[in-house]
Amino acid sequence: MISHSNLTVLIATPIVAALIGYVTNYIAVLMLFRPHQPRRLLGFSIHGLVPRRQKEIAASLGAMIERDLFSHADIQQALQSAETREEATAFLSEQVDVFVQQLSAQNPMIGMFVQGAMLEQVKVMLTSQMTARFPEFVERVVGKVEHTLDISEIVRAKVEGFDLSKLEAIIYEVSARELKTIELLGGVLGFIVGLAQDAIILLAG
């Protein structure tokens with residue numbers, strides 16, 4: 001026969017264990033970002049995981065993005081795509097028109113000879129020549145970019161200087177459900193551990 005006091009303990013044990021599990025996971029989630037600055041507590045230094053490792057995270061993220069997500073090869077591929085080539089050809093054709101018009105306005109004699117079919121031939125020739133040299137232009141631009149644009153360093157600097165409050169708000173907004181699940185899971189596991197303790201107490205009794 002279970003006494004009243006023992007029954008109280010059996011009921012309280014899983015409830016207390018669930019509460020401890022929930023609070024523990026809640027604090028663990030909170031300490032991903034809090035505190036932003038180191039704090040001393042009972043002789044220990046308390047500092048949020050992300051704030052403490054922000055520089056390392058920034059460096060790793062920059063290297064990963066340049067290696068696996070975005071590179072100079074991607075820039076070159078985008079510049080050499082069919083859409084970019086068509087847009088460049090249209091732009092070059094417009095600029096040739098402007099150039100020929102300006103040249104004719106400045107030199108009326110040239111305007112007298114370069115007109116009609118001759119004008120169209122000149123425009124086609126200039127546009128074709130410029131379009132044919134476009135891949136070479138892209139290659140030279142990308143080569144210059146490779147020496148001046150450090151994707152890894154740019155990402156590292158941006159992440160390292162990112163406001164922690166904004167970063168925290170973004171992550172909580174995106175992962176609110178998952179983080180809440182982690183907290184609740186702590187309570188559920190704590191409750192199960194409490195029931196296991198009750199079972200051990202009953203078997204031992």
Side-chain angles (χ1 to χ4, degrees), residues 2-78 142 144-205:
I2 301 175
S3 65
H4 183 270
S5 60
N6 287 340
L7 181 61
T8 301
V9 171
L10 291 176
I11 294 175
T13 297
I15 295 176
V16 172
L19 182 61
I20 292 173
Y22 176 83
V23 172
T24 300
N25 279 22
Y26 174 80
I27 294 174
V29 170
L30 190 65
M31 287 187 65
L32 286 173
F33 287 97
R34 302 288 177 154
H36 289 173
Q37 300 298 328
R39 296 285 187 271
R40 300 295 297 182
L41 180 64
L42 301 177
F44 295 95
S45 178
I46 308 298
H47 197 189
L49 175 63
V50 173
R52 186 174 72 249
R53 304 294 299 275
Q54 187 172 6
K55 290 185 177 180
E56 293 90 336
I57 292 172
S60 298
L61 187 60
M64 183 271 291
I65 288 177
E66 184 172 40
R67 183 183 64 248
D68 300 325
L69 299 180
F70 184 73
S71 66
H72 294 102
D74 296 319
I75 298 175
Q76 184 170 5
Q77 184 177 358
V142 173
K144 186 69 175 179
V145 167
E146 287 180 348
H147 289 88
T148 58
L149 181 64
D150 189 337
I151 297 173
S152 176
E153 177 61 21
I154 291 174
V155 173
R156 184 204 62 77
K158 292 287 187 181
V159 174
E160 189 173 324
F162 203 85
D163 183 78
L164 285 171
S165 296
K166 292 182 179 178
L167 182 60
E168 180 181 5
I170 290 171
I171 292 180
Y172 274 112
E173 181 179 351
V174 173
S175 307
R177 181 179 300 177
E178 290 76 10
L179 295 176
K180 180 59 66 175
T181 299
I182 291 174
E183 296 170 6
L184 293 175
L185 185 60
V188 172
L189 292 177
F191 188 79
I192 293 174
V193 169
L195 290 178
Q197 290 176 331
D198 281 351
I200 293 174
I201 292 173
L202 291 174
L203 291 175

Any donor-acceptor pair under 3.5 Å from E160 side chain to K55 backbone: no
For K180, side-chain hydrogen bond (donor to acceptor under 3.5 Å, both in side chains) partners two or more places apart: E183
Rounded distance [0.5 Å steps], CG in L10 versus CG in L195: 10.0 Å
Least distance between heavy atoms, S152 atom then A63 atom: OG-N, 3.4 Å
Pairwise side-chain contact, S45 with R40, heavy-atom cut-off 4.5 Å (strictly under): yes
Nearest atoms (heavy-atom pairs only) where G190 meets A17: O-CB, 2.9 Å
Within 6.0 Å of OH in Y26, more than 12 heavy atoms from elsewhere: no
Listed partners of E168 passing side-chain hydrogen bond (donor to acceptor under 3.5 Å, both in side chains), at least two apart: R34, H36
Gap separating the CD1 atom of I170 from the OG atom of S165, nearest 0.5 angstrom: 11.0 Å
With I27 via side-chain contact (heavy atoms from CB on, under 4.5 Å) - residues at least two apart: V23, M31
Partner set under side-chain contact (heavy atoms from CB on, under 4.5 Å) for I11, not counting sequence neighbours: L7, I15
Straight-line distance of N25 CG to I20 CD1, nearest 0.5 Å: 12.0 Å
Nearest-0.5 Å distance that lies between atom CG in L179 and atom CD1 in I171: 8.5 Å
Reported CD1-to-CZ distance for the pair I57 and R52, which is rounded to 0.5 angstrom: 9.5 Å
Partners meeting side-chain hydrogen bond (donor to acceptor under 3.5 Å, both in side chains) with Q197 (sequence neighbours left out): none
Nearest-0.5 Å distance that lies between atom CZ in F191 and atom OG1 in T13: 10.5 Å
For Q37, side-chain hydrogen bond (donor to acceptor under 3.5 Å, both in side chains) partners two or more places apart: none
Within 6.0 angstrom of E173 CD, more than 12 heavy atoms from elsewhere: no
